[in-house]
Amino acid sequence: MFYIVTAAVLALVLVLSVVARATVPKETVPKDAAGEHVRPSATRKAAGVTAVSALVLLLLVTAGTTLARVGAREVGIETSLGRYSRTLQAGWQVKAPWAEVETFSTQLQRSEMDAPIAFAGGGSGTQHMTVQWTITGEQAQELWSRYRRFENVDGMLVQPAAREAVATVLASYTPAEARAEGKVEEVREAVEAALTERLSPYGVQLDSVALPPAALDQTAQDALNRVVEAEANVDRAQSRLEQAKIDAEADRERNKNVTAENLVLECLTITNNWNVNENGPLPATWTCFGADTADVLVNTNR
């Protein structure tokens, strides 16, 4: 469009200058006694200079607009009067002066966005996500025909498709399930698969998807808190059960050693180690063998 407008203006100036030079009469001045001298008037001179200048500028603009440079990691779409002409590869390219070139980058792109989500069983929130993607040069024409400019691919294709994919996937999970260990990666992979399915037909290749924990509304947060509390109660109950099992096993081990002989030996040990000065004398009825057994001599004078 720039070339067409500029060329039209310069061509108009050139034509008007030529017409002016042709229609303005020449200026006649006396030469000498024998004759006269004819010379161009100032207006004709100005018209001639203007015409030459317009022609030179037109040639320069034409030469300058026949070259286009496409970057090392770009593809160019050459259009003529709004219609696709051809796809240009990296480097300097010769084109028609009136043609325009729209470049599409093939470098890795990074898009960040927030997506509204709704969970299974009630509750909603906002999911922040980061998507990295690239385009294939072979599909650049298709992308141009749909979106015209490279910036529009992100805003009109990648971001809407990403929001739709994450909303669809998380609609099958409760807030607790979406954050459960082992489910986080499952959710990410499902979103990645859904987004790949949406983007690949247009020549957009998905590199990665990052999903931090979603921001929950009060309903979803309350549901998550209830699940967390229930899981904590289960953990505490399991801990108590395990401790009870340990205590029962210890009791069983102790009961294995509770025999008549062991009880007598324990009694004798206590009797022999009895400290009269600190504890006083043993009771008169104290015995380790029962009432019908013979007396046992023990040292109680400690």
Side-chain angles (χ1 to χ4, degrees), residues 70-77 87 102-232:
V70 179
R73 300 195 65 180
E74 294 178 335
V75 292
I77 301 298
T87 300
E102 181 69 32
T103 57
F104 282 65
S105 175
T106 57
Q107 297 185 51
L108 185 65
Q109 304 296 313
R110 178 187 176 93
S111 302
E112 294 192 24
M113 69 214 73
D114 291 322
I117 53 176
F119 293 101
S124 60
T126 301
Q127 176 67 65
H128 184 77
M129 59 191 307
T130 302
V131 178
Q132 295 194 111
W133 54 278
T134 59
I135 69 167
T136 58
E138 295 78 8
Q139 293 287 349
Q141 178 187 350
E142 177 69 18
L143 291 171
W144 174 84
S145 65
R146 287 177 175 272
Y147 305 107
R148 297 299 175 177
R149 298 180 59 84
F150 179 69
E151 294 78 8
N152 295 338
V153 176
D154 181 31
M156 299 174 64
L157 174 61
V158 176
Q159 292 199 26
R163 291 189 181 97
E164 181 184 359
V166 74
T168 301
V169 170
L170 287 177
S172 302
Y173 293 84
T174 65
E177 289 173 342
R179 295 192 179 192
E181 184 178 356
K183 292 289 187 179
V184 174
E185 183 62 19
E186 177 183 306
V187 170
R188 191 198 65 79
E189 290 178 352
V191 172
E192 194 171 85
L195 186 53
T196 298
E197 184 179 355
R198 287 166 170 79
L199 296 181
S200 56
Y202 303 101
V204 177
Q205 295 180 337
L206 184 63
D207 181 78
S208 65
V209 174
L211 297 173
L216 307 179
D217 69 356
Q218 193 59 48
T219 301
Q221 188 63 54
D222 290 344
L224 178 61
N225 291 342
R226 288 193 295 270
V227 171
V228 172
E229 183 178 358
E231 290 177 347

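Everything numeric here is computed off the predicted structure, so don't read it as measured data.
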Problem set entry | Pairwise distance CZ(Arg188) to CE(Met129) - rounded to 0.5 angstrom | 10.5 Å
Seminar exercise, completed: In terms of heavy-atom contacts, Pro175 and Ala120 come closest through CD-O, 4.4 Å
Problem set entry | Note, Val204 side chain near Thr134 side chain (heavy atom, < 4.5 Å) | no
Exercise. Does Gln127 reach the side chain of Pro116, with side-chain heavy atoms less than 4.5 Å apart?
Worked result: no
Seminar exercise, completed: To the nearest 0.5 Å, atom CZ of Phe104 lies from atom CZ of Arg149 at 9.0 Å
Exercise. Could you walk me through whether Gln159 and Asp154 pass the side-chain contact (heavy atoms from CB on, under 4.5 Å) check?
Worked result: CA-CA 6 Å; Gln159 292 199 26; Asp154 181 31; 3.3 Å; yes
Problem set entry | Side-chain heavy-atom pair Arg163, Met113 within 4.5 angstrom cut-off | yes
Exercise. Would you say the side chain of Arg179 lies within less than 4.5 Å of the side chain of Lys183, judging by non-hydrogen atoms?
Worked result: no
Problem set entry | Distance in Å, Leu195 CG paired with Leu206 CG, rounded so as to fall on 0.5 Å steps | 5.0 Å
Exercise. Looking at side-chain heavy atoms only, is the closest gap between Leu143 and Leu157 below 4.5 Å?
Worked result: yes
Exercise. Nearest 0.5 Å, what's the OG1-CD1 distance between Thr87 and Ile77?
Worked result: 4.0 Å
Seminar exercise, completed: When every non-hydrogen atom of Gly76 is compared with those of Val70, the smallest separation belongs to N-CG1, 3.8 Å
Exercise. Partners of Arg146 by salt bridge (charged side-chain N to carboxylate O under 4.0 Å, His left out), sequence neighbours excluded?
Worked result: Glu142
Exercise. Would you call the rings of Tyr147 and Tyr202 parallel, tilted or perpendicular, where under 30° means parallel and over 60° means perpendicular?
Worked result: perpendicular
Exercise. Is the shortest heavy-atom distance from the side chain of Thr168 to the side chain of Arg198 under 4.5 Å?
Worked result: yes
Problem set entry | Listed once per pair and sorted, the salt bridge (charged side-chain N to carboxylate O under 4.0 Å, His left out) pairs that draw on residues 112-128, sequence neighbours left out | Arg110-Glu112
Exercise. Got Ile135 and Gln109 here, is their nearest side-chain heavy-atom distance under 4.5 Å?
Worked result: no
Exercise. Taking C-beta and beyond as the side chain, do Glu186 and Tyr173 meet within less than 4.5 Å on heavy atoms?
Worked result: yes
Exercise. How far apart are the closest heavy atoms of Thr106 and Glu74, and which atoms are they?
Worked result: OG1-N, 3.9 Å
For this session: Could you please spell out the steps behind the side-chain contact (heavy atoms from CB on, under 4.5 Å) verdict for Thr103 and Val75?
Result: CA-CA 6 Å; Thr103 57; Val75 292; over 6 Å; no
Exercise. Minimum heavy-atom separation for Val131 to Val158, with atom names?
Worked result: CG1-CG1, 4.3 Å
Exercise. What are the two closest heavy atoms between Leu216 and Phe119, and how far apart are they?
Worked result: CD2-CE1, 3.5 Å
Problem set entry | Pairwise distance CG(Leu211) to CD(Glu192) - rounded to 0.5 angstrom | 9.5 Å
Exercise. Rounded to the nearest 0.5 Å, how far apart are OG of Ser105 and CZ of Phe150?
Worked result: 5.0 Å
Seminar exercise, completed: For Val187 and Val169 the tightest heavy-atom approach is O-CG1, 4.1 Å
